[in-house]
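Scope of the values below: all heavy atoms of this structure, side chains included, with no hydrogens, waters or symmetry mates.
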Amino acid sequence: MEILHDYLEEEIKNLIEEYGEKSFRAGQIYRGIHSGKKISQITDISKDLRKKLLERFVDNPVEIIEVRKSKIDGTEKFLFRLFDGNVIEGVLMKYKYGNTQCVSTQVGCRMGCAFCASGIGGLVRNLTSGEILGQITAVNAYLGGNTEKRAVTNVVLMGSGEPLDNYDNVVKFIRNLSSPKGLNVSPRNVSLSTCGLVPQMKKLSNENLDVNLTVSLHNPFDERRKNLMPIAKKYTVKEILDACNEYFKKTKRRYIFEYSLVKGENDTKECAEELIRLLKGRPCHVNLIRLNEVKEKNLEATADKDAYRFLGLLERGGLSATVRRQIGVDIDGACGQLRRNYLEKENTEEGLF
């Protein structure tokens, strides 16, 4: 079975022509699925056309099966079931300027970062462009939104998976997300986080999408970075910075470095000084993250006072930097945690553990 959310508007028009239907039906179908409706719920097309579509396409590719809401800050975490039974997760963060949804791009992840729960168990498979989009249409509808009045205003590709490891599907997703006939979320309201896949970063700079590029750095020293991020064995910090420069030249968009503070690992004065040496004068911002601890990883978060001490060193050194607000700590807020706990519970009930 195929996923209709994978189709761009023009592709749905071609499909409708194959069925011998009038072209305006394509717009009705496109608006319907982008408003979060199942195919069977698009009632402004004929029953016969719905039947034809359901013979070929999944009725609902992404289903919300669990929602957890933080009692601390109102952040909501979603567990989604895909049509093949796999589960993924996402987060909705509420700000004064709108609602930001964090989406997954893969089931699992093969990057193996030392601080992240997403990679426990490795990569299961890539998500299709429509499965990435389906997370947003589902949450947008859950919040009472549609294509006319969006409830989700900003999107970050920072959930489970490495977006640039699923390059083609991610790029098609962004194009579909920004369609004026769909949810019409500008690429400038989309942030894409990568652990530093240099060739794909350079390729992205030529897509004319102008998304906000965010790079997970986590240590300025190549050898020490390898302890946290296996990808550092392939691409150096210098290669990443060169790719960021190329992205800025092509898009004129400032880039962001994510930096998760791990006690005794990357929160030293020496690390701060090296970050300043590498980044001062560049069109970038450093987003310091107090580690959301994952029980399987045995890494300890930097204390709050030390996180702000580190921030002070960067600011005095001339860098633009902030400490990210901690959210969702009471609802398995870190990437991959909710999915991991769900799978452990299922396997325990089935007698696998």
Revision key, fill the gap. Ring pair (Phe, Tyr, Trp, His ring centres under 6.0 Å) pairs touching residues 146-170, sequence neighbours excluded, are none

Practice item. Considering only NZ, NE, NH1 and NH2 on the basic side and carboxylate oxygens on the acidic side, decide whether E258 and R324 come within less than 4.0 Å. Key: yes

Check your understanding: Transitive ILVMFWY cluster of I45 at side-chain heavy atoms under 4.5 Å: who else is in it?
Key -> L4, Y7, I12, L15, I16, Y19, I29, Y30, I33, I39, I42, L49, L53, L54, F57

Point to revise | Flag for N126-Q106: side-chain donor and acceptor within less than 3.5 Å | key: yes

Review point. Would R188 and N212 count as having a side-chain donor-acceptor pair, cut-off 3.5 Å?
Key: no

Check your understanding: Can any side-chain N or O of Q41 pair as donor or acceptor with the backbone N or O of K38 at less than 3.5 Å?
Key -> yes

Review point. For residues T128 and D6, is any side-chain donor paired with an opposing acceptor at under 3.5 Å?
Key: yes

Study note, to complete from the structure: Between V198 and A243, the two heavy atoms sitting closest are CG1-CB, 4.2 Å

Point to revise | Pairs meeting criterion ring pair (Phe, Tyr, Trp, His ring centres under 6.0 Å) with involvement of residues 261-291, two or more places apart | key: none

Exercise for review: Enumerate the residue pairs fulfilling ring pair (Phe, Tyr, Trp, His ring centres under 6.0 Å) with a member in residues 239-259, sequence neighbours excluded, ordered by first and then second residue.
Suggested key: Y255-F257, Y259-F310

Review point. Looking only at side chains, do S118 and S160 share a donor and an acceptor under 3.5 Å apart?
Key: yes

Review point. Taking atom types as modelled, is there a side-chain donor on D267 or T302 under 3.5 Å from an acceptor on the other?
Key: yes

**Study point:** Test side-chain contact (heavy atoms from CB on, under 4.5 Å) applied to D222 - qualifying residues, sequence neighbours left out
**Key:** T236, V237

Review point. For T153, does its backbone N or O pair with a side-chain atom of N99 as donor and acceptor, under 3.5 Å?
Key: no

Point to revise | Carboxylate-amine/guanidinium proximity below 4.0 Å for D44 and R25 | key: no

Review point. Any luck finding a side-chain donor-acceptor pair between N266 and R225 under 3.5 Å?
Key: no

Review point. If only atom types and distance count, is the side chain of S104 paired as donor or acceptor with the main-chain N or O of E89 below 3.5 Å?
Key: yes

Check your understanding: Counting distance only, does the side-chain N/O of N287 pair as donor-acceptor with the main-chain N or O of V323 below 3.5 Å?
Key -> no

Review point. Any luck finding a side-chain donor-acceptor pair between N140 and T137 under 3.5 Å?
Key: no

Review point. Any side-chain donor-acceptor pair under 3.5 Å between S40 and D59?
Key: yes

Exercise for review: With sequence neighbours left out, write down each residue that passes side-chain contact (heavy atoms from CB on, under 4.5 Å) with S260, or none if nothing qualifies.
Suggested key: H218, I289, L291

**Study point:** Ion pair check, E66 and K77, cut-off under 4.0 Å
**Key:** no

Check your understanding: Side chains of L157 and V170: closer than 4.5 Å at any heavy-atom pair?
Key -> yes

**Study point:** Residue pair L217 / M229, side-chain heavy-atom distance below 4.5 Å
**Key:** no

**Study point:** S46 and D48 side chains, donor-acceptor separation under 3.5 Å
**Key:** no

